[in-house]
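Working notes, beginning with the structure itself.
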Amino acid sequence: MRNIRVQFGPVIANDAVDFAVRPGEIHALLGENGAGKTTLMRILAGLLQPQAGEVLIDGKPVHLASALDAQAHGIGMVHQHFMLIPTMTVAENISIGLPGVRRWFPRLGDLAREITAFGKARGLEIDANALAGSLSVAGQQRAEILKALYRGSKILILDEPTAVLTPQEATGLFEVLRALAASGTAIIFISHKLHEVMAVTDRITVLRRGKVAASFTTRDTNEREVARAMVGADVTLPQLDEPANQNAAPILDLSGITLRDDRGLTRLDDVSLTIRSGEIVGIAGVDGNGQQELAETVVGLRRAEAGAISIDGKPLAAAPVADRIAAGLAHIPEDRHRTAIFSPMSIAENAASETIGAAPLSRSGLIDNGALRANAQSIVDNFDVRCSGIEQPIGELSGGNQQKVVLGRAMSRDPRVVVAVQPTRGLDIGATAFLHNQLLESRRKGAAVMLVSTELDEILALSDRIAVMFKGRIIGIIARKDVTMEKLGLMLAGESA
Ligand SMILES: Nc1ncnc2c1ncn2[C@@H]1O[C@H](COP(=O)(O)OP(=O)(O)OP(=O)(O)O)[C@@H](O)[C@H]1O
Ligand SMILES: [Mg+2]
């Protein structure tokens with residue numbers, strides 16, 4: 001890609017960008033939220049036309065007017081936000097736009113079997129007969145990767161593929177990527193997790209505010225140097241230092257929570273947990289052991305079959321979401337793009353959406369526009385949301401900047417209880433440091449914080465206690481001072497404390 005320029009209104013997303021990737025290499029494309037990574041890759045995937053510059057493949061200029069053009073040139077992209085059609089099966093999703101699809105359709109059963117086997121051979125376990133919408137976030141990501149691979153891409157673009165994978169799944173993906181690279185595929189890998197970048201890539205290109213800021217050969221650099229190139233300064237993540245007050249009042253109290261899913265399977269099994277004022281409890285576990293369900297039950301998106309939930313002694317197990325928000329609960333959901341924002345509406349409207357009905361945003365049933373704007377502006381300022389203004393539709397922001405609005409919305413109203421699920425997923429290193437500081441600040445102000453994360457580093461840095469979940473149960477709770485990696489590792493694998 002040569003001299004690429006893309007401008008959206010006043011924002012120059014790509015400014016004279018040169019970028020090259022070779023066959024057989026895994027090439028990291030890095031940069032802060034809003035640096036222009038996704039934009040550059042959308043050009044390569046035929047989804048966006050640059051205002052200037054050209055794309056060459058094997059030395060020849062190509063015109064990539066559509067995704068089909070890009071596919072014809074062997075370019076496949078796995079997007080930051082999933083593009084699967086939820087009401088179709090994985091096999092159907094993969095077969096859309098595939099040459100010979102009419103021939104295939106009557107034999108979709110065969111195709112599904114073939115795709116399942118194709119995935120399995122590459123370490124991507126998936127049931128191609130499953131409806132895309134029924135898959136977990138990680139499952140949908142696997143389907144997206146499989147879709148690109150199955151179409152025989154020679155240039156594979158992965159926009160933050162590991163953001164939604166567990167560390168184990170990510171390790172599996174890296175094996176897949178290494179094998180693909182070894183067979184000559186060029187892989188472009190976008191990630192905010194520098195340890196992954198150091199482990200899996202051959203070269204690194206860093207974008208900063210739309211320009212190429214640096215490029216490295218991975219084995220000749222280190223995380224610190226790369227982070228500095230991205231941000232322009234050194235960044236250190238905060239750590240919890242002083243111990244929690246053991247005698248503080250309990251705020252969030254869960255007892256005997258049991259939950260079954262639609263198929264009658266037990267997802268939460270007699271879960272009890274108390275979080276005190278000024279305490280962060282990390283919920284650790286291999287993805288899919290009930291952490292997500294626990295968070296959703298606490299915030300009221302699922303109704304427990306048995307058990308009690310209270311905040312400050314007020315029973316809330318049967319209360320609707322709005323009552324829980326009124327009781328001081330803030331929720332940072334896992335799949336923020338799908339569940340937490342409404343793309344066509346403005347930043348200001350999205351920032352107000354949870355609390356629009358009450359003071360200070362409304363008075364006597366009327367929306368106070370000044371308060372609404374001030375609220376959004378303070379979130380934009382505090383969270384360093386890169387945007388052209390609070391009236392911009394949130395869907396136009398980069399992935400990480402959309403996240404910052406959701407985080408700001410949850411954290412800006414001084415919550416009593418924070419339920420944060422994978423809160424730094426998709427955030428750059430500066431925004432991660434900021435969010436960690438926000439959680440610590442809530443703790444200092446006496447909130448009870450439930451931090452669900454598959455990132456052990458994050459859990460270890462911030463938690464007063466760590467509750468480990470396995471198959472829907474809390475199998476042990478370890479105090480910060482007693483944590484060892486070995487103990488944690490055993491418990492994650494299901495061994496009780
Ligand atoms: N369709 C659009 N309309 C207006 N502005 C846009 C549009 N798409 C991207 N932008 C802007 O271009 C800039 C670069 O966005 P891009 O999505 O490429 O960032 P990114 O590096 O992928 O960030 P992230 O790590 O958060 O995903 C941002 O300022 C974004 O708001
Ligand atoms: Mg992006």
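In listed order, ligands and their atoms are each counted from 1. Positions are given from 1 along the sequence.
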task: Spell out the protein N/O/S atoms under 2.8 Å from the Mg ion (ligand 2) as residue plus atom name.
output: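 Only T38 OG1, Q80 OE1 fall inside 2.8 Å of the Mg ion (ligand 2).
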Nearest-contact summary for [atom] - protein heavy atom, Å:
atom                    : value
atom 22 (O) of ligand 1 : T38 OG1, 2.7 Å
atom 9 (C) of ligand 1  : F8 CE1, 3.4 Å
atom 25 (O) of ligand 1 : K37 NZ, 2.8 Å
atom 31 (O) of ligand 1 : E396 O, 3.2 Å
atom 17 (O) of ligand 1 : S398 CB, 3.4 Å
atom 27 (O) of ligand 1 : Q80 NE2, 2.9 Å
atom 18 (O) of ligand 1 : T39 OG1, 2.6 Å
atom 12 (O) of ligand 1 : A13 CB, 3.4 Å

**Item:** Sub-4.0 Å heavy-atom contact, M41 with ligand 1
**Value:**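 Distance cut 4.0 Å: M41 fails for ligand 1.
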Take atom [atom1] in [X]; do more than 12 heavy atoms of anything else shown fall under 6.0 Å from it?
X    : atom1 : answer
R228 : CZ    : yes
D220 : CG    : yes
R2   : CZ    : no
L56  : CG    : yes

If you measure only the distance, is there a donor-acceptor pair under 3.5 Å linking the side chains of [X] and [Y]?
X    : Y    : answer
E455 : T424 : no
D381 : Q377 : yes
H192 : E32  : no
S215 : T205 : no
N350 : S353 : no
E196 : T162 : yes
R142 : Q140 : no
E92  : S95  : no
D202 : T218 : no

Report the part of H192 in contact with ligand 1, treating N, CA, C, O as backbone and CB onward as side chain, heavy atoms under 4.0 Å; options are side chain, backbone, both, neither.
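Side chain only.
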(request) Heavy-atom distances under 4.0 Å are what count here, so tell me which part of V11 touches ligand 1: side chain, backbone, both or neither. (result)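 Side chain only.
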- Testing R209, K211, R208 for salt bridge (charged side-chain N to carboxylate O under 4.0 Å, His left out) with D15, which one passes?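 Considering R209, K211, R208, a salt bridge (charged side-chain N to carboxylate O under 4.0 Å, His left out) with D15 is found only for K211.
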Short list, please: which atoms of ligand 1 are under 4.0 Å from a heavy atom of [X]?
X    : result
E160 : 25 (O), 27 (O)
N33  : 23 (O), 24 (P), 25 (O), 26 (O)
L397 : 31 (O)
E32  : 21 (O)

Pairs of nitrogen or oxygen atoms closer than 3.5 Å, one from [X] and one from ligand 1: do any exist?
X    : result
G36  : yes
A35  : yes
G400 : yes
R386 : no

Q. Any idea which heavy atoms bring A70 and L44 closest together, and the distance?
A.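 Here A70 and L44 meet closest at CB-O, 3.8 Å.
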Would you tell me which option among P393, S388, G34, G399 has the nearest heavy-atom contact to atom 14 (C) of ligand 1?
->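 Among P393, S388, G34, G399, the closest heavy atom to atom 14 (C) of ligand 1 comes from G34.
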Task: Separation of N401 CG from N33 CG (nearest 0.5 Å) - done: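 Separation between the atoms: 5.5 Å.
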